[in-house]
Amino acid sequence: ENNGIRLGCYYFPSGASKMIPWDSIASVELRDLKWYHRKTWGNTSFTLGLWFHYDQMTRECKQLKAIVLHLKKGRTSPALTVRPEQADELFHLIQRHVAKVKQ
């Protein structure tokens, strides 16, 4: 979206979406999720400080990547899972939007 990024099914248990304005994002990070990671809706033990939205992707994280949105305020960073073939393109798109707002 023009004003930010919307994460569907973000809030538990309602499934309501969360709108994150571009200017509230301090930085963006692309992470590999390893075979031993298990992703659940919300905060997980292996990713303290990250909050995953519910995306119906496999809970077994082998072959998945995570885009982490480090926010200027707050202790929890929203994270979304992406397939490897889409990860770089989506990561750079988000990164460009964040950089444009900082200018």
Side-chain angles (χ1 to χ4, degrees):
E1 294 189 20
N2 290 337
N3 301 326
I5 186 167
R6 181 178 306 280
L7 298 179
C9 292
Y10 186 80
Y11 290 105
F12 181 83
S14 70
S17 64
K18 178 179 180 77
M19 179 65 170
I20 303 169
W22 295 120
D23 62 358
S24 70
I25 301 171
S27 64
V28 183
E29 175 187 4
L30 182 62
R31 289 189 187 179
D32 287 322
L33 297 179
K34 305 298 183 196
W35 64 270
Y36 50 83
H37 291 151
R38 290 189 60 81
K39 182 181 77 74
T40 59
W41 187 3
N43 203 351
T44 60
S45 59
F46 81 88
T47 59
L48 293 176
L50 298 184
W51 186 277
F52 285 96
H53 70 291
Y54 181 70
D55 58 9
Q56 298 181 347
M57 284 191 182
T58 179
R59 293 184 188 277
E60 296 289 338
C61 291
K62 51 189 168 185
Q63 307 300 320
L64 293 177
K65 293 186 178 243
I67 296 177
V68 180
L69 307 174
H70 297 285
L71 304 181
K72 293 176 182 174
K73 295 182 180 179
R75 297 166 65 172
T76 303
S77 297
L80 54 144
T81 48
V82 292
R83 301 201 184 284
E85 60 273 10
Q86 302 164 324
D88 287 334
E89 182 180 353
L90 184 56
F91 171 72
H92 292 299
L93 177 69
I94 294 171
Q95 210 173 35
R96 280 194 302 273
H97 278 287
V98 171
K100 190 184 303 184
V101 169
K102 288 182 179 181
Q103 294 178 349

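Small disclaimer: the values here were computed from a predicted structure and weren't measured.
- Open room surrounds NZ on Lys100; 12 or fewer heavy atoms of other groups in view lie less than 6.0 Å from it.
- The side-chain contact (heavy atoms from CB on, under 4.5 Å) check on His92 picks up Asp88, Gln95, Arg96, with sequence neighbours excluded.
- For the atom pair CD1 (Ile5) and CG (Leu69), the distance works out to 5.5 Å, reported to the nearest 0.5 Å.
- Nearest heavy-atom pair across Trp22 and Val101 is CB-CG2, 3.4 Å.
- Under the rule for a side-chain contact (heavy atoms from CB on, under 4.5 Å), the partners of Ser24 that lie at least two apart in sequence or sit in another chain are Ile20, Pro21, Leu71.
- Heavy atoms from other residues, nucleotides or ligands lying under 6.0 Å from CD of Glu89 number 12 at most.
- The CD atom of Glu29 lies 11.5 Å from the NZ atom of Lys65; values are rounded to the nearest 0.5 Å.
- Scanning all heavy atoms of the two residues, the minimum distance from Ile25 to Lys72 falls at O-CE, 3.8 Å.
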